[in-house]
Amino acid sequence: MTPVWKPRLQFLLQHPWFGALVYFLFGLLWITCSDKILAWLVTDSSLLTQYQSYKGYFYVSLTALLAWFLLKQKQHIARSLNQSEQAFIDTFSHAAAGIAHVSMDGRFLRVNQVLCRMLGYTEAELIRMNFQQLTFPADLDTDIAMVRQLKNGQIDNYELEKRYICKDGKVLWAHLSVAMIRTPAFSYFISVIHNINEQKQVQQQLAQSELRFRTLLDNTPQIAVQGYYADGSTFYWNKASELIYGYSREEAIGKNLLELIIPAPMKPLVAEAMTQMAQTGTSIPSEELVLQRKDGSMVSVFSGHAVVKLPEMEPQIFCIDVDLTEHKKQAAALAFLSDFDAVTQLPNRQHFARCVDKAIARAQQQEQQCAVLLMDLDNFKDINDSFGHSAGDQLLMQVSQRLQQGCDSQHVLARLGGDEFGVLLPVVQSDAEAATLARLLMKQLQQPCMLNNGAEVNTAVSVGISLYPDHATNSEDLLRAADAAMYKVKGEGRNHIALYTDALTAQAKQRVVLEARLRQAIKNNILQCYYQPQIDIVSDKVVGAEVLLRWHDDELGVITPSVFIPLAEGCGLIHDLGAWVLRQSLRQLKHWLDQGMTPFSLAVNVSAQQFSKDQLLEELKLALAETAVPPELLELEVTESVLMTDEERVIATMHQIKALGVRLAIDDFGTGYSSLSYLTRLPLDVLKIDRRFIEHIPQAKDDKQIATAIIALAHTMNFKVLAEGVETAEQLAFLRQQGCDFYQGYYFSKAIPASEFAALIQR
């Protein structure tokens, strides 16, 4: 039988009428023909009867065989149908996707277990529902529209992504495939549903990530990002690029980057770099560049690149430029601090000392003389105490201006610190010439100075003069000699001039008496520790206190720290004085802690001379052990001048102190050494901004820039920042805006005795 007839025969065998027809035809043919054939072949009637019986047996056997064949075919077909039906059931039930038969009106006719698990319903529950009930409302119109097209024969099937509402109320994202089955009896839909929740979550995460990335790039104020192709044509330009380079996004997109921001001399190299990055997929090293704005001005940026190279896509290059304008300003401000005074804009002590060294070297080479004038404003402290430090700085600026008017171009005028000024005469013929200049400068200061508060202040100076080589052969000794002469003037009534002599007996006697009184005061515990609160700027809570020393002598009255601290340093008492303050303040802190006060840090000042001896570390260990105060509650404050003795030794000592758990702070930052190099080497915790940079805020723009630069520098190096001398709400608001951590000053409280401090902190 040829293969063409096999399907036809199978088709006929599946129908009962075909079997009946075959049997009828065969029986009719047998009855009609068999008798005639037997009658023709057999003439004997007895044999004919016998053969007719045989014919009957044969017919029964043949029909039995035919019945067996037909029944066997039916059994085979039934088995095939059962297998096909079982395969369909298995496929329907165990498919990896949800499958449903849906009526023309949307009711579920049959569902598999996968779909039940996906939606959270049982099979019985789903059979009583329709797809409209389970479809997320926002997706229903689209689904119904596709069903309508399928019914109308406009499409054979459709696919879409839609959301289902599960039994627990959660939303399920699914990919739906629908086909329509049309039969004479009835028509229905076959729906295949794949769970794509995870895929959608990944897509959403990617979309959110890209949105965050683009939002970040678009809104980062000081990081300009430009995207461009190998030929330089720009396709991305964020807001910072608009601000830094002056081109709007609309102006930049589509233009060549070389024409937008690259200066003419750089264009060949930049074009070559673009080609190289596009070909290799590797970015060139980051570097500092000077690029061009829309208005033709130049801007310094730190420029880096990233290359995105994907298959079958043109390489994309992203340029990331960090605007260095503010960084340059802050660096310039900090560089200024290292050599110049922030208040008067004059050279500071460090710069002045270098000038004196050069003048001495030149005078020695040419066998000439040079001179130093040291001037100290008389009663300047009274101005600060009466009108505040802001008024004091106003006076200092006016004094510096008048002194500049009296000096020639070859003279070097400097503010050495506090109310002390110095003048260097690089070439001088005699001490009389130096004295003449001193009298001229004193005359410049005779006219009253007017302060912003309307007060009229009369100024006077005490002037000490020393000459090279008569009085000293190096800058340090020359300054010391002029200082000794100046103290002689102060001891003799001030507002006068003195030339250094070896016999400054009056001053020496005064110092001897004061030294004796100081020794007695230390021995008899006459000195007092006062405490000035230190406040957290964010929480406005007292988090510490600086220990400040006060001395009231029964005979001499109140003696200021500016007098007895230099005296103690000069006569070697500073070590005993420092050890006394350390023990006394720690005992007081222990007493407060035992009373249940909330722990806070205590800042104790340590002089440069204390670092010059090995006993500081041992005294510190002994005081901590004696009082049992946790070392983390103690903070030692040192000035920048401590590094001018033996820098390596000081740094080593600081590391040993830090190992104990004690904190370290640099006091009066910006008024002395102010070297950025030492900051990287010191194990500091806190950097204290000197009050001189705070007093004129917010009026003085320079002071604001300097304070901002110091805060930024400190935070970059992971230091906390404390501002001293805060006296107004405006100053505090500015410091808070700049991110300063702590402050102290009259705005919150002056330094007060221990009893008053305890009452203050417990309020």
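Note that the numbering runs from 1 along the sequence shown for the chain. Just so it is clear, the structure is predicted and the values come from calculations on it, not from any experiment.
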Heavy-atom side-chain proximity of [X] to [Y] below 4.5 angstrom:
X	Y	answer
H305	I320	no
I537	L732	yes
N157	S177	no
L126	C116	yes
F600	V542	no
L291	M266	yes

Do NZ/NE/NH1/NH2 and the carboxylate oxygens of [X] and [Y] come within less than 4.0 Å?
X	Y	value
E123	R110	no
D540	R736	yes
K329	E326	yes
D295	R293	no

Check whether [X] reaches the backbone of [Y] with its side chain - one donor and one acceptor, N or O, closer than 3.5 Å.
X	Y	result
N197	W173	yes
Y229	E314	no
S283	V307	no
Q132	L140	no
E251	S248	yes
N112	A97	yes
D741	V721	yes
N256	D231	yes
K151	M104	yes
T325	S300	no

As a quick check of understanding, evaluate side-chain hydrogen bond (donor to acceptor under 3.5 Å, both in side chains) for D143 and Y158, giving each step before the final call.
CA-CA 10 Å; D143 204 356; Y158 70 87; 2.8 Å; yes

Pair S241-N238, side-chain donor/acceptor within less than 3.5 Å
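The criterion, which ignores hydrogens and geometry beyond distance, is satisfied for N238 and S241.
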
Check whether the side chains of Y164 and N195 place a donor and an acceptor atom closer than 3.5 Å, and report yes or no.
no

Would you check, one step at a time, whether the test side-chain contact (heavy atoms from CB on, under 4.5 Å) holds for I261 with Q226?
CA-CA 11 Å; I261 64 175; Q226 311 96 47; 3.9 Å; yes

Hey, could you give me the [atom1]/[atom2] distance between [X] and [Y], rounded to the nearest 0.5 Å?
X	Y	atom1	atom2	result
Q534	F742	CD	CZ	8.5 Å
I284	E272	CD1	CD	10.0 Å
I711	T716	CD1	OG1	11.5 Å
H715	K720	NE2	NZ	6.5 Å
I190	I181	CD1	CD1	4.0 Å
Q737	L735	CD	CG	10.0 Å

Take V178 and V147 through the side-chain contact (heavy atoms from CB on, under 4.5 Å) test and state the conclusion after the steps.
CA-CA 9 Å; V178 180; V147 169; 5.7 Å; no

Would you name the heavy atoms of [X] and [Y] that are closest together and state the gap between them?
X	Y	answer
Y247	E259	OH-O, 4.4 Å
R128	Q133	O-OE1, 4.4 Å
G232	Y228	O-CB, 3.9 Å
D536	S539	OD1-N, 2.9 Å
A224	Y245	CB-CE1, 4.1 Å
L172	C166	CB-SG, 3.7 Å

More than 12 foreign heavy atoms under 6.0 Å from [atom1] of [X]: is that the case here?
X	atom1	result
R163	CZ	yes
D156	CG	no
Q154	CD	yes
K167	NZ	yes

Can you confirm whether or not the ring centre of F108 sits under 6.0 Å from the ring centre of F189?
no

Residue among D139, T135, T142 satisfying side-chain hydrogen bond (donor to acceptor under 3.5 Å, both in side chains) with K162
T135

Of Q199, H194, K200, the one forming a side-chain hydrogen bond (donor to acceptor under 3.5 Å, both in side chains) with E161 is K200

Show me the donor-acceptor pairs within less than 3.5 Å that the side chains of residues 274-281 make with the rest of the protein, sequence neighbours left out.
residue: T275; atom: OG1; partner: A271; partner atom: O; Å: 3.2
residue: T280; atom: OG1; partner: Q276; partner atom: O; Å: 2.8
residue: T280; atom: OG1; partner: T282; partner atom: N; Å: 3.2

Between V308 and F318, does a side-chain contact (heavy atoms from CB on, under 4.5 Å) hold up when you go through it step by step?
CA-CA 8 Å; V308 178; F318 290 88; 3.8 Å; yes

Given the rule in the side-chain contact (heavy atoms from CB on, under 4.5 Å) test, do W237 and L257 qualify, once you have shown the distances and angles that lead to the verdict?
CA-CA 10 Å; W237 192 267; L257 192 73; 3.9 Å; yes

